[in-house]
Every structure is written in structure tokens, then in C-alpha cells.
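I have placed the structure first, in the form of C-alpha cells, so that the comments after it can refer back to it.
Treat the numbers as computed from the prediction; the structure is a model and nothing was measured. Within every chain, numbering begins at 1; the chains are lettered A, B, ... in the order of the sequence lines, protein sequences first and strands thereafter.
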Amino acid sequence: MPKDHGIGAAQKRREDVRFLTGAGQYTDDISVYGQTYCAFLRSDVAHGTIKSIDTSDAEAMPGVLRIFTGKDFEGIGGLPCGWQVTDKHGEPMKEPGHPVLAQGKVRHVGDPFAAVIAETLEEARDAAEAIVYDIEELPAVVNMKAALEEGAVKVHDDLSDNLCYDWQFGSDQADVDKAFAEAAHVTTLELVNNRLVANPMEPRVALGEYNRANDESTLYTTSQNPHVIRLLMGAFVLGIPEHKLRVVAPDVGGGFGTKIFHYAEEAFVTFASRQLNRPVKWTSTRSEAFMSDAHGRDHVTKIELALDAENNFTGLRTDTLANMGAYLSTFSSSIPTWLHGTLMAGNYKTPAIQVNVKAVFTNTVPVDAYRGAGRPEATFQLERLVDKAARELGVDPIALRRQNFIDSFPYATPVAVEYDTGDYVATMDKLEEMIDRQGFEARREESRKRGKLRGLGVNCYIEACGIAPSNLVGQLGARAGLYDAATVRVNATGSISVMVGAHSHGQGHETAFPQVVAEMLGIDESMIDIVHGDTSKIPFGMGTYGSRSLAVCGSAMVRATEKIINKAKKIASHLLEAAEADIELKDGQFTVAGTDKSVAWGDVTLAAYVPHNYPLEEIEPGLEETAFYDPSNFTYPSGAYACEVEVDPETGRVEILSFAAADDFGNVVNPMIVEGQVHGGIAQGIGQAMLENCVYDENGQLLSASYMDYAMPRAEDVPFFQVDHSCATPCTHNPLGVKGCGEAGAIGSPPAVVNAVLDALNAGGMTVDHIDMPLSPHRVWKAMQG
Amino acid sequence: MYSFEIESPVSVADAVAALGKEEAQALGGGQTLIPSLKARLAAPAVLVSLSKIDEIKGISAADGVLSIGGGATHASVAAEAGAYPALAALAANIGDPAVRNRGTIGGSLANNDPAACYPAAALASGATIVTNTREIAADDYFEGMFTTALEDGEIVTEVRFPIPEKAAYVKFEQPASRFALVGVFVAKYPDGVRVAVTGASEEGVFRWEEAEAALSGNFSASALDGLSLPAEGMMGDLHAAPDYRAHLVGVMTRRAVTAAQ
Amino acid sequence: MTKVTMTVNGKAVSKEVSGNTLMTEFLRDALHLTGTHVGCDTSQCGACVIHVDGKSVKACTMFAAEAEGAEVVTIEGMANPDGSLSVIQQAFQDHHGLQCGFCTPGMVMTAAKLLEENPSPSEHEIRDYLEGNICRCTGYHNIVKAIMAASGQDVSGIAAE
């Protein structure tokens, strides 16, 4: 009988009711008295010198209140980067300025250089169009290799070149060199991890409001982490102390990473609302989103694997160019380094690994975290490479993986992380069972009879989630701690508000988090509400990304609830006139062990707030506890994925027939929500593998600038997914034993898709080593032409 | 959007009068025009909505000809053009259900998007485009991408499709927009076969005459063996290079012939 | 400015609008019905789907003036008269057919029309009908499943585990 209550129950989501009836409140649904509207004037060239901006005609237009340019932000901070990466020579990364509105130069299509505030949106847009400016177009650098050439045009004139950092990490050079020198076989692969646009369905919105009476600013914004925005905007950009700044992220329509970062528009509306003493609202159009939301991925990599005569992996070497875009977005520098290099061991006991990453400035939109952030790039390289090695060696790709699996835990990799638990054999066994591997050849034959090429692709993945131990990431350059916080506020009648630093924008925290507290207290979930997304209500928090909410913030919530239980037991022991050590809490009753003497949850909570009969000399009245939780390690979800495809040999069109995922997420609080997260991640991974591509031309013009050219996965592009999370090895270092599930699907799925297509083509008699994503019909057809 | 007035006449005559105003522009279903207005790519002073004109919404078949009012939506054509099943099927596969409820055949033909479906049907069927002033043969109507024989202020009131013996339309979708990356409409009439191709050429919809000649003698996919189009003149973009489009025209034509059997 | 009169979720409304006022703007700004969302500007995402005279349309690609005299239903008008979730809404909750909720109103409005036209659609028919509705969260799995379930089909065997 499946549980219907507490941890492990597939409870229906309580937040759904408002979303299903149109009662959700997203940022754009909020309008405040006296609100004005903002339109940004954005560069239509990739690179240029701002010669002049004349706003005089535009200022005289109807409804215009004020026009701002970069000059208005002189002396005001720029948008900060939250992670200082140190390069292989011990030098800090180059960190160019990133003004709220461009100063001197524009550096990518979409770079804002002026902004109009007007009474209506159309008036603001009319006036933005009427601004007279002279921007002298400069040659743009778009291609990363070209950007690093001697004499290349510089994105930032004050830097020596376009290299942000040259980073190296992993085993000693001599060990890696030895592995390759002694290798019986070396497999090499060059590949591109295609640039993507996260595209949450809700475009970004920012509404700034200033209260003259108390000198307090409020920013309503589409953010995954309101406290981080408060910290960055307050401390680094506008110089507003935290107690005068409130950041609210209400219902947020998806994030996928791109709503982590602190954006110019947030700082701008907050600043402008203080200048005008009027609320200022900006709502992104989708077209604007394509040129102002941080993009994701965009790596070019050469990777090599050394194997001995028995096909054991002995060495791995990578060389990656990572696109930073024109400016360093909030977490950009950490993605290709600490979130990528540290995962290059994958699921394998390769003893010597070296990762090289050059981060490059180009005249493109900044690149930062997108679902998986660094880990999909690592997984894709490694799992494509292992597949290629298997083909070259003529061995079964699953057998080759199994042979090299890490099989004892904890396992310290050569790339600085220690996997606490895992069972890669179990997830692979499960996967093989799910996909009926034995029956595959018969299915392939059936496809062949219909003139189609069928292929099966498999891969494994490992990720580091539950970001992150603060002391460790501090050593690695993070400029913030990555703990989280929760306050459990028990009210007099026993109902509970849990204020959490994590933010829910689709993950179902409002349902899943109460399940944990309910389980611990033995009370019904309906008595517990989660409060998130408002810095004025929540003690602190680092937000939601990196599959961290339950593992980190959930752990803080557990710790705070434990404190509640401890205090409540003290109160109960007083009420029951028994020793505290004898009090047991079960099903919402405090009982004296071994007796039938008990007192109900509600009696204890009432006593806490009406302390007539209460141990006031020992404990304070009230029942509210806060905990901060800093994880001692990352968590390491892992799994094995498989995809079956059919290729139309005449057109190159690929159909995804089936997709299976066997994941190890450790313990699971709400399996329905976990499965939904995996489904969504897989669809985004299939999107990357098959459809999505953010493309610039050589002049830095964005060619895929709307849904007319950026191919979003639709219902007919994906099949029903088979997912399983029964192979659970609980995390050993957090109280719930959870690992995180938000990114797995997106990390684990692209290589399976590409491996499947290559299997189809090669089994169909073609020799195709690799096709870069997305595997559009055109690319597959071209590969088939040889 | 720039500001403009909307007028909603209920007769063709009133619409024509309204279109005579300075900077007036017709609004069919708006499924292409409204997005371009949002992008500030057009600045009409007056939009003349045709959606209240009932006299251009009819669909009827008589004497081997299917007549469709210019204001008929794709959804209506899908539901009511049973006399010409290939055409109904084409309409049922334009855009998505909500777009099909607004978009009209007249709007599509007036816009003549090089990747739209209807131009292929009209050209392959040798349709007659009827306006408030004249009748235009499809062969004379399409004049290249987004260009037609329509004069300013002229309204497509009806499209007359001779019903073929056999026909089919096969579309290979562009993965993002889901417009035709290549779409081929094949129609077999007693006096020969017509093949029209959309999505492929830099000149917009066109007839593939070599294929027509081959198929007129032998209406089977094998009649197309050895026939191919040059890549030259084909569109090249993010989604397909010219040589791939040329290749797809061949594949889609064969598939359309097979589907028409 | 012109005056438009229509019925929205059963209530007669009459407002002055500009020629360029879109239905999305009319619903969200003039009527404060913010359940109809705007997710793109090229008429593709479907977050804004509403019913006008019984047909699904994209409210971002229709002017308010064009809805003169029309019967309009938005997501706010989809629950049962007693306020409980309709069969389709309930199926979306039961089968976890939504995550962030932003595309959800459009999905529900489209699904409602599908089931009117085709009371027992196949998986393929559902996926095809959803061509104009983009969801970034769910991978569509549970949306398709919810619609099948709302049509009374047994979904217990779908991608078990």
C-alpha cells in the first residue's frame, strides 16, 4: 500500500488549484498604484562605440517621464560576478565591468544603452524608438577560436585579450601523460555543446517600488533566489542596505537557471523608481528575452580517453573553450570550471584525469547556468567518448561502461570530489530491464522492413548537486556561502508556517516540504504552509538551483523542526509531569513512554503561547525555530538512460520512439513530483539533442531570436517516458538522505539520444563518428551523405 | 504596436471603401499580421478587419469546383472542404488549432509567405483567385516571396479550386516555426498533373514542371526516378541548406504522389 | 478609442479600447483577469489561449475590437459553478500535468476544446492537437496523460514503474 501521508507519499500538489483556475500571481500580474512603464533601447549591433545619444526629442513625447542612459549610472556599481576563478598560473580571472546601461561601448545585440520611463508601455516604446543615437559599429568577435587569436578584436578594451581565464584541474601532468603514453588505445572526439536559451515560459519581469516614508525599496522580480538578488543588487550595484530593500519573487513561471542571475533590468527599475518616486515596471517580451536572458552551454571540446589492452580506462584529457559572452553573468565563471571539471570522472574509475578550460569573451549575450550547468557538458563529452571508444574497439557499449564502473563507495575521484554513495550496476541493470534490450534486434529488423533505421543509445551520468559546502566553495572562489535557512513557526493553535530560503517555481515545494514536517511531527500536511519568495518574511536563503532545495534547504527545515520537537517535548514533559527523556512524539501525540499518559500537539502549542502552566524558568514562551544548514559534501545523483530512435534515411528526420531513465536520487519525498522533474529534464535534454540551437551569424546577429527559429520541444516531439527511481542509495550526509532530482533529466539525456542516432546510422551501414547537436534532419541527412 | 484604428465592415463594399482611406490595411485572421504589428514592422493608420463579412465565408462545391470564401478560416476549410479531401487535410494541418480558428485562406494567399501551405494548393490546383474587382489565375497570381498580383485595397473574396481526380499535400516541417521547410502539393487532373512546391525556393511557391511532365505520363512515384532540382535558387537558412531543400522537394514529391494514389 | 461590449465568463462587459488593444491586454489590464498569460510575441506558445464564441483562439493574436459581441471564456471561467475544479482541471492536478503553472491556463483551454471535438483522443491525437501550446516544465508526459484521463481513458499502464 503506497503511503498517502508524509515522506514517500505521491501527494497531489496544493499549488495546482490556483494555477488551474487562473489565480496564480506571477510578477506581471502585479500592478501597483502610480505604476509607470519602462522600455529599454537595446543595441542592434554586436559591437560598437557609442558616439552620442540624443534623448531631447524623445523626452518631449507624450507621457515620457524620464530617459536614462549609461551616464546616469556613472559612479554606481556594475553587475557583479559571484565566483572568482583562479587560472592555472594562479592569476585571478579577468573581470570586466558590466554597467547597468552600457557606457562607451555596446558589446552584444540586446545590450541596453538607454531606457525610457513613461506613463504607458506604448508611450515608453514610442519614445525609445525616437531616441537619436550614433553607434559606430565595430567588428564583432563571435567565434571562440577567432576571439583567442593574436590581434583579435577585443570585447573589452581595458583587458589584454578575450581570454577570461585559462584553467587546469585534475591529476598530475606526469600521471596523465603516462596514461596516454602507455595506452593500448586512445579514442579522441571533438564536439560542440550547443548554445541554448533556457526559455522558461514566463518571460522576466521586474517592478521596482520606492517608499519615501521609510526609504525602503521593493523589487518584485521573476527570480529563483530573491535573497541573492537583494544581496547583489543592494551591496554591489545600488548601495542599498538589506534592511531598506525587499525583494519579492511571487509565483515564477519556470526558471531553469536563467532566473538565478542578477540582471540589469532589476537594478534599473529599482534605481529608477527611487529617482522618480514612482513604481517602474518592465515586462520582457519573448524577443527581448532571447537577447537579454543569459544563455546556456556553448562549449567546444576536444576530449581523449586512454585505455589499456583490457579496455580499462586509464586516462582522460579534455580541452574546452567555454563561451562567457560579452560580460560575466552572476555564476558564469563557475560553470565550465567547478561545476564541469569536477564531474569529468563520471561513473568510471579512470585514475588520471586532466581538464583544461579556456573561458572566452565574445560579442554575444552572457552565458551562465542552464539546467544542469556544466554537468550536462561533462556528461555529454564523456558519454559520447565512451560510446565512440566502444565502436572503435568493437565491444558492447554497455559492457565497456560496466567494466569501468566505480564499484566501491565512498570514492574519491582524481577531480577533487568524493562520491558518498551510488550503485551504477544496479541502475544499469534496471535500465536494461526497462528497455527490453534482448528484444532490440527484432525491433531493429521490424524498422528495417519499413525502410527505417533504428538505433539504441545508452549512457550513464553522475552529477554533483545539493550545492554546496560553503568552506569548500569559498576556497574555490565563490563569493557567497551556499547554505540555506528555514524558520518553522508553530502558531498557538498548532498550525505551522515554514519560511524557507528555497524558491519554488514549478518544483512543488509547497506540497513536498510540508510532507517532511508532517512526517516528523505526525500531524496532517494541511496544518503546514510553506512561505517562500519574500525577503521580508524569510530569514535568509540562497534560493533554488543546482538541485539543492530539498537537500540543503530541506535539511535546514529538518534541523529547525528538530529544534521545535526538542522544545515541544520540554513543554510536554512539563504538562505531563514526566522526564523529558521519556517523552515520545508519535502521530501528533506526546506520550510518556510505556504509559497511556499523553498530550496532543495542539495542547503543547497552545501552552507555548498561553504559558500559564509552563516552565518559564527553563524555556521561553513561543514555538518558533530557525536553522541554517551548510552541507558537508555535494550529493551525487546518478543513473543510466536509454533512448530508442528511428531515422528516416531519405530525409534524416529522427523520431524518438522511447526514452527510459533509471535514476538513483537517494530517498524520495514525493515520487509524483520527482517523476515530473525527470520528465521535464528529459524533454529539455531531447530539446538540446534534437531541436534547440542558439545561433549567431559572423557579425554577431542573433539568428534564432524567436520561436519561429528557436525550436522548442512540443508535445509531438517526445514520447511517454519510462522513469524509475527504485535503485536508491541514500545520501549519507544529509538528514533526509536525499540527493536532488531537478537537473538529472537534462544532464543524462542528450548523449543517449545522440548515441542512438549514431547507432542507427552505423548499424545501417554508414560510418558516422559524430554529429553535433542538435541532430536536425538537415545535419543527419548531411552526415548520411558521408 | 503603433496606434491605429480598427474598422469592422460587414460587407465587401464597405471594406473596399474603408481600405480607400490613407494608410489603411486589411486584417484577415491576423495570425501573421498581428505578430508583425507587435514587432512594429508595419504602421497602418486604419486596420480594416474582414472577419465580420459573412459574404466571404462560404464554402461550397458545384460542377467540379470547390469555392471557398476568402474569409473562411483554416478550421472551416478543414471541416467543410470534404469535396476536395487533400485541401481539407492541408487546412487541418496549418499551424495549430487556435491559429486555424482565426487564420483565413484569403489572408494566407494575400500574404504569400514563401513557407505557407495554401499557395501550393492554389498553384497545384490551377485555382482562380477572385477579388472584389477581378479573377486571377493562380499561375498569374504568385509573384515571389510575399508578393502577389493584388493591388492595394484589393480583397480576396473567393478562391475557386477545380477538384482533381487525385491529390495530396505532403509537408516537411521546419522544426521551430512548423511552417513548411518544404511542402509539395500534387494534383492529377484529366488534362495532366500539376506539382507545386512551397517553402523551398527563393522565388516563393513554384511549379515543378519536369515532375509534372513525368507524372502526367505515369502518375506514380517511380516516374520521378532520376529527376531532381538544382540547389541553386533554393532558400538556405538555419534549418536547411539549399541542397537539402532541393533533395527534400524530390522526396516530398514522391511521397505526395504515393499518398495521392 | 472605441467601445467594445462582450460577455466574459458569463458577465457582460463594456469598455473603451484603442484599436491596437489586444485581447490579452483587455483581459489582463482592463478586466484584471490575469490568468491568461503572455509567453511569446509570435503566436506560438499558447499560454494565452481563450475561447471566443466557442472556439479556441490565441488572445495575443486578436484585437479586443474584433471580439465585439462575442462570448468569451477564460481560465477563470473554467471551474464548475460551485468553484470546484472541472474534470479537466482535476485531471491536471491528479496526474501532475503542471509544474510552474504558466502554460497551464492555455493547456486547459486547448484541452477542453480537444475533448469537445474528440471525446476519446489517442495519444497521437493529443500530441498533435497541442502543437500550439508549449510547456517547458513537464515534458508533456503528464499533460497528455491528464487529458487522456479526463476523457475517461485508463492511464494506469502509461510508462509504469
Could you have a look at [options] and say which one has the most heavy-atom pairs with chain C under 4.5 angstrom?
options: A:G506, A:A10, A:G22, A:G255; result: A:G506
options: A:R286, A:H725, A:E122; result: A:R286
options: A:G253, A:G681, A:A660, A:S31; result: A:G253
options: A:P203, A:A683, A:A23; result: A:P203
options: A:Q507, A:Q684, A:H505; result: A:Q684

Kindly give the heavy-atom pair with the smallest separation between [X] and [Y], and that separation in Å.
X: A:G254; Y: C:C100; value: N-CB, 3.3 Å
X: A:K12; Y: C:D94; value: NZ-OD1, 2.9 Å
X: A:R714; Y: C:E131; value: NH1-O, 2.8 Å
X: C:R127; Y: A:V718; value: NH1-O, 3.0 Å
X: C:F102; Y: A:Y26; value: N-OH, 3.3 Å

Discussion item. Show, in sequence, the C-alpha distance, side-chain angles and deciding distance for A:T21 and C:M78, and conclude whether the side-chain contact (heavy atoms from CB on, under 4.5 Å) test is met.
Written reply: CA-CA 7 Å; A:T21 54; C:M78 291 300 281; over 6 Å; no
Let me know if [X] has heavy atoms under 4.5 Å from chain C in its side chain, its backbone, both or neither.
X: A:I686; answer: neither
X: A:D28; answer: both
X: A:P719; answer: backbone
X: A:E15; answer: neither
X: A:V678; answer: neither
X: A:A198; answer: backbone
X: A:S706; answer: side chain

Can you find a pair of side-chain heavy atoms, one from [X] and one from [Y], that are under 4.5 Å apart?
X: A:R13; Y: C:H96; answer: yes
X: A:F720; Y: C:V144; answer: yes
X: C:C137; Y: A:F256; answer: yes
X: A:M712; Y: C:R136; answer: yes
X: C:H141; Y: A:E675; answer: no

From [X] [atom1] over to [Y] [atom2], what is the distance, rounded to the nearest 0.5 angstrom?
X: C:C103; Y: A:M201; atom1: SG; atom2: CE; result: 7.0 Å
X: A:L20; Y: C:L98; atom1: CG; atom2: CG; result: 5.0 Å
X: A:F721; Y: C:N142; atom1: CZ; atom2: CG; result: 10.0 Å
X: C:T138; Y: A:H679; atom1: OG1; atom2: NE2; result: 9.0 Å
X: A:Q722; Y: C:I158; atom1: CD; atom2: CD1; result: 12.5 Å
X: A:N199; Y: C:I134; atom1: CG; atom2: CD1; result: 8.0 Å

Discussion item. C:L130 vs A:E716, test: side-chain contact (heavy atoms from CB on, under 4.5 Å). Steps then yes/no.
Written reply: CA-CA 8 Å; C:L130 294 179; A:E716 58 189 1; over 6 Å; no
Worksheet item: In terms of side-chain geometry, is the basic nitrogen of C:R28 or A:D29 positioned less than 4.0 Å from the acidic oxygen of its partner?
Response: yes
Practice prompt. Inspect the contact between C:E76 and A:R18 and indicate whether a charged nitrogen and a carboxylate oxygen are less than 4.0 angstrom apart.
Written response: no
Discussion item. Using a 4.5 angstrom heavy-atom cutoff, name the option from C:G83, C:G101, C:S86 with the most pairs to chain A.
Written reply: C:G101
Worksheet, complete the sentence: By residue number, those in residues 38-48 of chain C with heavy atoms under 4.5 Å from heavy atoms of chain A are C:V38, C:G39, C:C40, C:D41, C:T42, C:Q44, C:C45
Worksheet item: Quick check: are there more than 12 heavy atoms from other residues, nucleotides or ligands sitting under 6.0 Å from NZ of C:K55?
Response: no
